[in-house]
Each structure stands twice: as C-alpha cells, then as structure tokens.
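Chain letters run A, B, ... following the sequence lines, proteins first, then strands; residues in each count from 1.
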4 protein chains.
Amino acid sequence: MTVRMICDAANISSGTFYHYFENKTDLIIELFSLIDDYFEENVLERLSDEDELVNVIRFCSGFSEFVMQTGVAKSKLINSMFPVYSKGGHHEERGRILYRELNAIISRGQEKGQIITEYAAEQLVDMILVMVRGYCFDWARREGSYDLVKYTEEMIALFVRGLRPCSAYDLKMQKD
Amino acid sequence: MTVRMICDAANISSGTFYHYFENKTDLIIELFSLIDDYFEENVLERLSDEDELVNVIRFCSGFSEFVMQTGVAKSKLINSMFPVYSKGGHHEERGRILYRELNAIISRGQEKGQIITEYAAEQLVDMILVMVRGYCFDWARREGSYDLVKYTEEMIALFVRGLRPCSAYDLKMQKD
Amino acid sequence: MTVRMICDAANISSGTFYHYFENKTDLIIELFSLIDDYFEENVLERLSDEDELVNVIRFCSGFSEFVMQTGVAKSKLINSMFPVYSKGGHHEERGRILYRELNAIISRGQEKGQIITEYAAEQLVDMILVMVRGYCFDWARREGSYDLVKYTEEMIALFVRGLRPCSAYDLKMQKD
Amino acid sequence: MTVRMICDAANISSGTFYHYFENKTDLIIELFSLIDDYFEENVLERLSDEDELVNVIRFCSGFSEFVMQTGVAKSKLINSMFPVYSKGGHHEERGRILYRELNAIISRGQEKGQIITEYAAEQLVDMILVMVRGYCFDWARREGSYDLVKYTEEMIALFVRGLRPCSAYDLKMQKD
DNA sequence: GATGAATGAGTGTTCATTCAT
DNA sequence: CATGAATGAACACTCATTCAT
C-alpha cells in the first residue's frame, strides 16, 4: 500500500493526502483510533451479558466486524505498520481503551467465578488479542476471502470453553 | 529486509544470491520448505502420544520452536511475503505437509472420541494454524521480546481444553 | 523559505500572498526595492563627507545595516534567488540606483584625487559590491552569528586604504 | 542542482550516484576535499615569496583557479550547501588546511613587519576568505561570465595595499 | 479581498534485479 | 561460479501555484 495507491483509491492527489496527514504513519494512527470510536458507538453496549464469557465473544465479534467493514486494503495498511510507536505512543494509549475494556470483562468474569483464575486477566487479554488480530491478519492476507466474523466467533467460542472452570463434580467425574 | 542485507549477513554478493535464487520470493519459498524439514527431523517423532490433544500441543510447540530458531529477521521476511502464490502454489503444496500432519492428529483424535466433532477436522486445523501463525506474527512484530514457545503453548493448552468433549455426566452436572 | 513559511510569519494565507505577488520571485524583487527606499531615507544624507572614501565606507555600512535589519531569513531568501532577471531586469534597473550612487561617490573621489585612477570607477564599484554582498551572504549562511556592520566596516576600511593614492613623497619614501 | 541533474550531466543513473555517495551532502563534502588536494598539488609550492603579501595574492589566485576549473555547476552546488557541518565537521577539519595555510602566511607577514598588526591574523584570514568566496559566489551566480581569477586578483591586490604598514614618514606626510 | 483545500511535477533516496568481468 | 557496479522504476514527501467559495 503506497501513498499513491491510497490517493488513487480515494481520488485525491498525493498533495492533498499530505494536507490532511503529516505522513503515512499518521494515517494509520488515525485508522487505529477509528476502532475505539466504533467500539464506543456500537460494541460497548452489547457487552452487558450476565455471562462474561459471552461478553468476551461479543467483544471479539465487534473487533472483527470493524475490520471487515474497514476492508482488506486498510487492514493490510494497518498490518504493515503495526505496531506504531510514534507520537509518544498516542495510539497505544488509545489502544488501551480496547485493552482495558476486555480486561474489565475478564476480571469481572474471574470475580464471578465464570472464568478460571489460573492465568492473570492481563495474560488472557494478551492471548485473546493476539488470536483475534492473528485472524484479522490472515483474513487480509487472503484478500478477505472468508467471513471473518463467523470464523473469529467460532474460534473464540471454542477457546472460551477452555476458560470455563470445571465444577467440583466435573473434576470428580473426570478422575473416574 | 533487503536482498543486500540478506547477502551481507550471509557474506555473499548479491550476484551470488541471484545465482541461487531466481528472485527474492524464491528465497522465501525456500525458507518455507525449511519448516517441513524441521518437522520431519525434530517434531514428527514427538507426535505419538496416546492423547491426540497432547499431540496438538506438541505440534504447535514444534512450530513456534522453529520460528524462534529461525529468528525475528527471517520471520519478518516470511510475514512480509506470506502468502506466496507464485510457482503454481508450489510452497503451498509443501505447506500441505504441515497441514496434513495436523489434520491427521485431529482426525485420529475425533475418531478416538478425544476431540469434539462439532467442527470438521479441516476447520479445526485452519483455526489452529491461524492462531499459531498469529502468535508468530505478533512475536516478530515485537522484535522477539518474549518466549514464543511458552506463550504459544499456554494459549494452545487453553484452546485445547475447549476441544475436549464433555462426558454425559459432565453435561448432566452442569444442568443441575 | 517556503511561501507557506513566509505566509505563516506574516499571518496571511497563501491565497492572499498570491493576491499581492504574482509569484515568489516577485516578492524578492519587491524586497530588492526596499534597499533603495532604505538608502533614500537613511543613507544618502550621510554620504556628503568631503573625503569620498569616508563616503564609500558609509555606503557599505548602510548596505549591511539594511541587511541586518532585514534579518537572516529574508537575506537567505534573497541570496537563494539572486540574480533575478525576470520582468525585463526591472529590479536590476532599481538596483542601479544603488549602483549609480556608489559610482558617483567613486567618480567624485577620483576627480578630487582622493581615489586611485588605475581602475575605472565601474570596476571599483563592482568590486566593492561583490565584497559587501559576499559578507552579507556569509553572515546569513552563519545564521547571523556576528555583527555584520562591524565586520563589513573593518573590511572596507582596509580595502579603502588601498584606494588612496600615494603622495609623491610617499612613493619616494617607499623607494628608499 | 538536483541529484538527477548531476546524474544526467555525468551520464549515470541515480542508483549509481547512491552507489558512490551516501547522499547528496556527501558529494559536496567530497568536492570540498578536492580543494585541499588542489592546493597541496598546485598552490602550496607557489607560496614561498619573500613578500608575504605576494603569497596572499597567490593563495587567492589558487583558490579562484580551482573554482574556475571546477566549473559553474559544481560551484553552485557547493554554494547551495555551504556550510556543511555533518559527519562531525570532517570537511571543516579539512577546510582548516586552507585556513591554516593562509593564517601561516599572514602571521609570518606580521612578524616580518610586512603586514599591519592592527588586526589579528585570524581576523584578516576571515576577511580574505569571505571576500574570495564572495567573488566565487558572484561568479557562479553570473554563470561564470567573467574571468574569476583576474577579478579576484585585482580585488585582492587592492585590498593587500591596505595591509602594508605605512612608514613613519608616510604618516607624517599625510598629516601635512 | 481573503481563504485554504487541492494539485502535480519534482526531490532525495531505496532496492530488486541485471550483466560485464 | 562469484562479484559488485549499474540500473531505473518506485517510494515518501515537498512546495509553488491555482481556484472555488
């Protein structure tokens, strides 16, 4: 994805591009912040299920929904640049909005006894984000040839099963 | 990773590089095939546990082991080029060796009743490969700043829990 | 010095700039004419010493005074564009005001016997202007790090010594 | 003077340019060092006159000779970039060769009583270099339309007259 | 008059690739 | 077989200039 390609796609001149963005990296940072907006406007409200593992799945769906809407081209652009540390980690800070939200879900889940406590919430958050981003990366690489949301949901649904603590009975049964 | 950087690292001239590889992509295809060699020499023998889910974990460990040994630089190179479709999907064919092996493990697991059958083996293989590659991608992006094998194992171990079928008792207990 | 920088400094839009100047070169031509105004208002009156070599020094001081007041930024702008031949040498015509004034001083000096006649007045004018402009150029290059007027005066004072004809006595002495 | 122009003039591709120079500035630094070579090979041997003021003139002639040989295009290139401070002032260090040589001449002249001592040698060196460079700059600006060596010599010859100390008699005569 | 978004040719620089030696 | 000088299209980015509002 060159600046020229972006400009051609947007039907603007490269001069105009640089009128709005200081450099190519700036565009990507801008793109990053869009996901926060998307979450605030569309996803956050869906994350209030009693079962926090359901919320985890919805969170991941929201993420992949956004990526699909954003499209293959922009996703590749983001992939090519990630991680971006410029501007004092500004986007990272913003990125933390996503991070904090997922962390909150998992922490609540652990408090409620819905999620295993073998791993710290931070560790689980990292895992899930890597997995979800991994799927997004694959999807863009394959030119968006499959339904990202569906596949992400299936994968996360399975992963989430492993996060559910076994009941005392359950453990007993397994031993037998 | 420019061709010149690769050549400098290998102490050869760029002329020599093009004597052995038709182009840069060819090198990457070559790199791809290395993982098959690695699996054949080091990993395949470890995949004979009675519990096929253990084999899944070992398979993934083998993959990330290889990536760690390969190093950040080469990993980035591969990431930057993947997927490579040239030469009639030649490398993809080779890639199938990996694919087939994991498929075999999961199919056996399903036959033995160790792995759920809600999803076809192919689907599970795809999921796992995407997840593992996702971690490799993240690791390279972060300049190899963590122990890829350890993190991959933890993630896969959790995922694999979700693949274990619940016993009839188990389901009954959960209902109660 | 870009047009945008000039406009920012002047608190106008670049549109406004092009409302008043046909192009960037035009601004510089305008800048050139400022020196004539400066000479007419501030320097000419000082050029009436009986000793024309004193007037030469005052002329050069006036020139460097103007450059210092104009500032490093504008000086660089002028240097970067000089000589400007557009508009039928319009600015050169104006430049001639300066030229003619110095020429007049030197011609008078030669008539009065205060200045050697080995070189035509035109030649001496050219030399002095090149020297003074050379100092201005150096000063701007070095970001205005020294007192341009002082250094120019010292240099010209020395040069002017060489323009004073030796008396008959003087020559005689030197021979002895 | 763009890199492309330089390459066209030299009948090489811009890729080749960057094979030999790390960047445009490097070429200019290279150009700078050429003057030292020129002085060492052609000028230094001429600087052994008994009269140090003669040596000053020869020094300046050597400088302008070099510039004329270098040509208008390269001179403009150098002018456009001077002063260059990169690479730890490497070229400045080299530049000092020139500086030191002229300084030595003038210091000797002052010791021998051939040059006035009102100004420190360093000051006179600075003046002369600014003047000579000023002429070179003017010459390049005017597309090399005159004989730089001749004009520089005339100018310096006059300036040098002012550096000759007046005898006691001389001063007395002037008062009368 | 004044604005500033838009333009696009041009700049320094990179890099996969070629080829004479 | 090996070299590395040479290539030139492509890149991110700049900037004088235009023009609809």
Hey, does C:His19 reach any base, or is it just sugar-phosphate, or nothing, if we go heavy atoms under 4.0 Å?
-> sugar-phosphate
Taking every heavy atom of B:Ala140 against every heavy atom of B:Lys76, the minimum-distance pair comes out as O-CE, 3.2 Å
Contact class for A:Tyr20 vs. all strands (heavy atom < 4.0 Å): base, sugar-phosphate, or nothing?
-> sugar-phosphate
Do D:Asp126 and C:Tyr146 get their side chains close enough for a donor-acceptor pair, meaning under 3.5 Å?
-> no
When pairs are called at under 3.5 Å and a stem needs at least three consecutive Watson-Crick or G-U pairs, the stems of DNA chain F are E:2-21 with F:2-21
Go through the structure and list residues passing side-chain contact (heavy atoms from CB on, under 4.5 Å) with D:Asn42, not counting sequence neighbours.
-> D:Tyr38, D:Arg46
Which heavy-atom pair separates D:Val72 from D:Glu143 by the least distance, and what is that distance?
-> CG2-C, 3.6 Å
Has the side chain of D:Thr16 got a donor or acceptor atom that lies under 3.5 Å from a matching backbone atom of D:Ile12?
-> no
Would you name the heavy atoms of D:Asn79 and D:Cys136 that are closest together and state the gap between them?
-> ND2-O, 4.4 Å
What residues, two or more places apart in sequence or in another chain, satisfy salt bridge (charged side-chain N to carboxylate O under 4.0 Å, His left out) together with C:Glu40?
-> none
What's touching nucleotides 8-11 of chain F from the protein side, N or O pairs under 3.5 Å?
from, atom 1, to, atom 2, distance (Å)
F:dA10, N6, D:Arg4, NH2, 3.3

Quick one: on DNA chain F, does A:Tyr18 or D:Phe17 contact a more 5' nucleotide (nearest heavy atom)?
-> D:Phe17
Check D:Ile35 against D:Phe63 and note the closest heavy-atom contact, atom names and distance.
-> CD1-CE1, 3.5 Å
4.5 Å side-chain heavy-atom contact, C:Val67 and C:Tyr135 = no
Taking 5' to 3' order, which nucleotide of DNA chain E is first and which is last to have an atom within less than 4.0 Å of a heavy atom in chain D?
-> E:dT11 to E:dC15
Taking only residues two or more places apart in sequence, or in another chain, which ones meet B:Phe21 in a ring pair (Phe, Tyr, Trp, His ring centres under 6.0 Å)?
-> B:Phe17
